[in-house]
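Please read the structure below before turning to the comments.
Computed from a predicted model, the values in this text were never measured in an experiment.
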Amino acid sequence: EALGAKVGVLHTGLIPVRHPVAERLAWEALEETLALLRDPPLPVALENLALWERDLVRGPEELRRLLERHPHFGFCLDVGHALVELGPKGPFRYLGDRLIHLHLHDNHGRRDDHLPVGSGRVPWEGLAPFLRGFSGTAALEVVGGPEGVRRSVERLAALLAP
């Protein structure tokens with residue numbers, strides 16, 4: 001808030017070992033933490049992660065149920081994460097009415113490379129109609145310094161042109 005941010009993005013946590021007791025304790029800690037953040041000073045979005053076995057929240061359905069239990073939070077779609085997790089249809093499985101923020105970057109579907117937009121396999125043409133109507137905030141998360149940002153902005157501008 002002090003920095004003038006329009007939205008905060010919250011990662012839902014990691015679990016070092018997939019064991020029923022560890023999972024239960026991790027979920028309890030997450031639920032308690034989210035309950036304590038019931039009245040944030042700016043919109044807060046929970047991000048889809050599910051890139052590694054250690055990520056606590058797995059898949060669109062678990063994230064949807066978590067958001068239903070905590071209606072004061074929005075959703076951040078990281079399109080690169082969705083591609084790694086679920087393949088080319090992954091970003092579309094996460095679109096919904098709670099979406100308030102986007103993380104835009106690309107990869108080849110195997111790991112979270114944060115490539116410039118259009119440099120990997122994210123289905124940008126399919127996402128373009130949605131992006132044109134999106135009224136939330138977005139952040140580029142790309143490697144390559146100023147050149148990576150420039151390439152991403154040019155690609156997005158071309159996609160969003162009428």
Review point. If Ile, Leu, Val, Met, Phe, Trp and Tyr residues are connected whenever their side-chain heavy atoms lie under 4.5 Å apart, and connections chain through other members, are L67 and L37 in the same group?
Key: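 Yes; L37 is reachable from L67 via cluster members.
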Check your understanding: Mind checking whether L14 and L51 sit in one hydrophobic cluster, side chains of I, L, V, M, F, W, Y counted as touching below 4.5 Å?
Key ->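 No, no single cluster joins them.
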Do [X] and [Y] touch side chain to side chain, with heavy atoms closer than 4.5 Å?
{"X": "L140", "Y": "L156", "value": "yes"}
{"X": "D78", "Y": "V9", "value": "no"}
{"X": "V153", "Y": "V149", "value": "yes"}
{"X": "V57", "Y": "N48", "value": "no"}
{"X": "L25", "Y": "I15", "value": "no"}
{"X": "D97", "Y": "F75", "value": "no"}

Measuring from atom [atom1] of [X] to atom [atom2] of [Y], what distance do you get when rounded to the nearest 0.5 angstrom?
{"X": "L102", "Y": "C76", "atom1": "CG", "atom2": "SG", "value": "7.0 Å"}
{"X": "L34", "Y": "L66", "atom1": "CG", "atom2": "CG", "value": "5.5 Å"}
{"X": "L63", "Y": "L49", "atom1": "CG", "atom2": "CG", "value": "8.5 Å"}

Exercise for review: Kindly give the heavy-atom pair with the smallest separation between A22 and V17, and that separation in Å.
Suggested key: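 Looking at all heavy atoms of both residues, the shortest contact is CB-O, 3.5 Å.
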[X]: side-chain contact (heavy atoms from CB on, under 4.5 Å) partners, not counting sequence neighbours:
{"X": "A29", "result": "none"}
{"X": "T137", "result": "K6, V7, H101"}
{"X": "S119", "result": "L115, P116, R151"}

Show every salt bridge (charged side-chain N to carboxylate O under 4.0 Å, His left out) that has at least one partner inside [range], sequence neighbours left out.
{"range": "residues 55-76", "value": "E31-R69, E61-R64, R64-E68"}
{"range": "residues 104-117", "value": "R111-D113"}
{"range": "residues 13-30", "value": "R18-E23, R18-E53, R24-E28"}
{"range": "residues 120-142", "value": "E125-R155"}

Review point. Does CZ belonging to R98 count more than 12 external heavy atoms closer than 6.0 Å?
Key: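 Correct, the count exceeds 12.
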Which atom pairs, one a donor and one an acceptor, fall under 3.5 Å between side chains of residues 84-92 and the rest of the protein, sequence neighbours left out?
residue : atom : partner : partner atom : Å
E85     : OE1  : Y94     : OH           : 2.6
E85     : OE2  : G59     : N            : 3.0
E85     : OE2  : Y94     : OH           : 3.3

Review point. Would you call the rings of H70 and H72 parallel, tilted or perpendicular, where under 30° means parallel and over 60° means perpendicular?
Key: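 The rings of H70 and H72 stand perpendicular, inter-plane angle above 60°.
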Side-chain donor-acceptor pairs under 3.5 Å in residues 39-47, sequence neighbours left out?
residue : atom : partner : partner atom : Å
E47     : OE1  : H11     : NE2          : 2.8
E47     : OE2  : H81     : ND1          : 3.3
E47     : OE2  : H103    : ND1          : 3.3

Check your understanding: Taking only residues two or more places apart in sequence or in another chain, which ones pass ring pair (Phe, Tyr, Trp, His ring centres under 6.0 Å) with H108?
Key ->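 None.
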Exercise for review: For residues 19-63, pull every pair meeting ring-ring contact (aromatic ring centres under 6.0 Å, His included), keeping only residues two or more places apart or in separate chains.
Suggested key: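 Of all non-adjacent pairs touching residues 19-63, none passes ring-ring contact (aromatic ring centres under 6.0 Å, His included).
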Point to revise | Stepwise side-chain contact (heavy atoms from CB on, under 4.5 Å) test for I100 and F73 | key: CA-CA 9 Å; I100 62 172; F73 290 107; over 6 Å; no
Review point. Does the side-chain contact (heavy atoms from CB on, under 4.5 Å) test come out yes or no for W124 and L104, once each step is laid out?
Key: CA-CA 10 Å; W124 295 105; L104 304 174; 4.0 Å; yes
Review point. Other hydrophobic cluster members with L36, side-chain heavy atoms of Ile/Leu/Val/Met/Phe/Trp/Tyr under 4.5 Å, chained?
Key: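 Under the 4.5 Å side-chain rule, L36 groups with nothing.
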